[in-house]
Amino acid sequence: MKPQLLKVPKGLQQSFSIRRDVVLYFYNRWHYHPEMELVHIEQGSGTQFVGDNIQHFQSGDLLLIGSNLPHYWRCDEKYFRGDSKLYAQATVLHFSAELFGDIFRNLPENKSINELLEKAKYGMKLSGQENHLVKSLLQNLLDQKEGNPVISLLQILETLAQSKDVKLLSNSHYQEEYDQYDTDRINQIYKYSLDNFQRKITIEEIAEVASISPHSFCRYFKSRSRKTYSQFLLELRIGRACKLLIDGKLSVAQICYESGFNNFANFNKYFKIHTGKSPLQYQKGYRTSPVLL
């Protein structure tokens with residue numbers, strides 16, 4: 001599955017870029033770029049794809065995405081209805097790991113930053129007390145008119161490097177060279193799956209969406225995504241369940257069926273395998289954890 005190469009613009013007098021996006025929904029195509037990406041999701045929720053990882057995202061999330069690691073954020077369906085009062089917002093920082101050079105990165109004082117950049121190849125979700133400071137530093141950099149912004153960037157990276165509450169996202173980092181031949185195909189697969197995962201999707205059905213035979217689809221999907229299509233659907237359903245558990249508006253039984261499971265025992269089994277907790281434990285743990293915005 002080939003993601004789309006996205007060109008990241010920056011000014012002629014800039015070595016990196018930072019911007020704030022306020023949109024109806026985030027860019028919803030699977031893509032990659034040579035620049036690393038630090039993103040603070042200020043407002044929005046939906047399904048997040050980073051490499052071979054799929055999970056729910058929400059307001060307050062802070063992520064560091066490595067060079068050429070495919071990713072995208074698919075907002076929940078309510079964001080696509082054109083409601084002007086509902087929008088997605090994020091601060092996005094793009095920079096090249098080559099910006100600092102090998103000599104600088106290999107200085108003993110920069111060991112923690114170098115380790116951070118290596119871990120980012122897998123994609124990182126960053127939590128903990130440092131996040132509040134990083135988000136403040138991003139705002140300062142966005143507003144900065146004077147001084148050297150590279151110093152501000154280094155301060156952000158050093159703060160991230162000190163964070164102890166870090167979760168690596170993808171099981172492997174991506175080194176392939178991509179073309180754009182399969183861009184439309186994979187985005188059609190993802191879109192169709194996201195629109196229909198709450199019911200049964202047959203291999204024949206999704207293969208027709210991809211315009212290939214069912215046998216070819218199974219081989220194609222697994223060779224590129226590192227998982228079977230059934231595993232992919234399972235992760236979409238678990239992600240949906242996590243969101244509904246966090247919302248707390250439905251019972252666990254209702255969430256089971258709303259997420260596309262037709263068997264309550266299987267729902268509990270696969271949810272615990274995927275998250276390490278039962279649905280009720282997950283919900284309780286989230287409600288007792290502090291949320292840093």
Side-chain angles (χ1 to χ4, degrees), residues 1 25-26 28-30 41 44-59 61 63 70-81 123 125 167-171 185-210 214 217-218 220-222 224-287:
M1 297 182 295
Y25 50 83
F26 296 133
N28 62 327
R29 292 180 69 83
W30 203 49
I41 297 174
S45 64
T47 304
Q48 164 189 300
F49 299 78
V50 177
D52 60 13
N53 176 267
I54 305 170
Q55 62 181 249
H56 172 70
F57 75 85
Q58 61 187 357
S59 302
D61 284 356
L63 302 106
H71 57 281
Y72 87 93
W73 286 265
R74 163 69 182 246
C75 286
D76 289 328
E77 284 304 313
K78 61 184 179 181
Y79 290 90
F80 293 87
R81 296 172 187 160
K125 182 175 180 180
K167 179 182 179 182
L168 298 185
L169 298 175
S170 184
N171 289 315
R185 174 179 284 170
I186 185 54
N187 280 290
Q188 286 169 0
I189 292 170
Y190 276 16
K191 184 179 186 305
Y192 190 87
S193 301
L194 284 160
D195 289 342
N196 295 280
F197 71 86
Q198 290 164 290
R199 63 169 180 82
K200 182 178 179 180
I201 303 175
T202 66
I203 291 298
E204 291 75 16
E205 181 181 354
I206 193 62
E208 184 176 352
V209 171
F217 176 85
C218 293
Y220 165 81
F221 193 88
K222 187 168 184 179
R224 291 297 185 175
S225 69
R226 284 108 161 153
K227 64 186 70 176
T228 65
Y229 185 66
S230 60
Q231 289 172 321
F232 173 74
L233 284 178
L234 178 62
E235 291 179 22
L236 287 181
R237 289 166 180 155
I238 295 295
R240 170 69 171 172
C242 288
K243 177 187 182 300
L244 294 176
L245 286 165
I246 291 170
D247 289 346
K249 297 177 181 178
L250 300 176
S251 69
V252 173
Q254 289 174 310
I255 289 171
C256 164
Y257 297 104
E258 179 68 21
S259 302
F261 292 90
N262 55 16
N263 183 294
F264 191 68
N266 281 342
F267 170 59
N268 280 285
K269 172 186 172 182
Y270 288 118
F271 191 93
K272 190 164 187 176
I273 289 173
H274 189 79
T275 67
K277 301 177 181 179
S278 71
L280 284 175
Q281 287 172 332
Y282 180 90
Q283 187 178 60
K284 183 178 179 181
Y286 183 84
R287 288 180 174 177

If we only count heavy atoms from C-beta on, is the [X] to [Y] side-chain gap below 4.5 Å?
X	Y	result
Ile203	Cys218	yes
Phe57	Phe26	yes
Lys272	Lys277	no
Gln58	Ile246	yes
Asn268	Phe261	no
Leu194	Phe49	yes
Leu169	Gln48	yes
Asp247	Leu245	no

- Task: For Ile238 and Cys242, run side-chain contact (heavy atoms from CB on, under 4.5 Å): C-alpha distance rounded to whole Å, both residues' side-chain angles, the deciding distance at 0.1 Å, then the answer.
- Result: CA-CA 6 Å; Ile238 295 295; Cys242 288; 4.2 Å; yes
Looking just at side-chain N and O atoms, do [X] and [Y] make a donor-acceptor pair shorter than 3.5 Å?
X	Y	value
Glu205	Tyr192	yes
Asn53	Gln55	yes
Ser170	Asp52	yes

How far apart are the closest heavy atoms of [X] and [Y], and which atoms are they?
X	Y	result
His274	Ile54	NE2-O, 4.4 Å
Gly123	Val50	CA-CG1, 4.1 Å
His56	Ser45	CE1-CB, 4.0 Å
Ser259	Arg237	O-CG, 2.9 Å

Drop me the distance from [X]'s [atom1] to [Y]'s [atom2], to the nearest 0.5 angstrom.
X	Y	atom1	atom2	answer
Cys256	Asn263	SG	CG	7.0 Å
Glu208	Thr202	CD	OG1	9.0 Å
Ile189	Ile201	CD1	CD1	11.0 Å
Gln231	Leu236	CD	CG	12.0 Å
Ser193	Leu233	OG	CG	5.5 Å
Trp30	His71	CH2	NE2	11.0 Å

Geometric class of the [Y]/[X] ring pair [parallel <30°, tilted 30-60°, perpendicular >60°]:
X	Y	answer
Phe217	Tyr229	perpendicular
Phe271	Tyr282	perpendicular
Phe267	Phe264	tilted

- More than 12 heavy atoms from other groups under 6.0 Å of CG on Asn262: no
- Message: Can you confirm whether Glu77 is buried at CD, in the sense that more than 12 heavy atoms of other residues, nucleotides or ligands lie under 6.0 Å from that atom?
- Response: yes
- Message: Using modelled atom types and a 3.5 Å cut-off, is there a donor and acceptor pairing between side-chain atoms of Glu235 and backbone atoms of Phe232?
- Response: no
- Side-chain (Gln281) to main-chain (Ser278) donor-acceptor, under 3.5 angstrom: yes
- salt bridge (Lys or Arg N to Asp or Glu O under 4.0 Å) contacts in which one or both residues fall within residues 260-270, not counting sequence neighbours: none
- Message: I'd like to know whether Tyr190 forms a side-chain contact (heavy atoms from CB on, under 4.5 Å) with Tyr72, so could you lay out the CA-CA distance, the side-chain angles of the two residues, the decisive distance to 0.1 Å, and finally the verdict.
- Response: CA-CA 11 Å; Tyr190 276 16; Tyr72 87 93; 3.1 Å; yes
- Can the positive tip of Arg74 be found less than 6.0 Å from the middle of the six-membered ring of Tyr25, inside 45° of the ring normal? no
- Query: Is there a side-chain contact (heavy atoms from CB on, under 4.5 Å) between Ile41 and Leu63 once you walk through the steps?
  - Reply: CA-CA 9 Å; Ile41 297 174; Leu63 302 106; 4.3 Å; yes
- Message: Could you walk me through whether Arg226 and Asn171 satisfy the side-chain contact (heavy atoms from CB on, under 4.5 Å) test, starting with their C-alpha distance in whole Å, then the side-chain angles of each, then the deciding distance to 0.1 Å, before giving a yes or no?
- Response: CA-CA 9 Å; Arg226 284 108 161 153; Asn171 289 315; over 6 Å; no
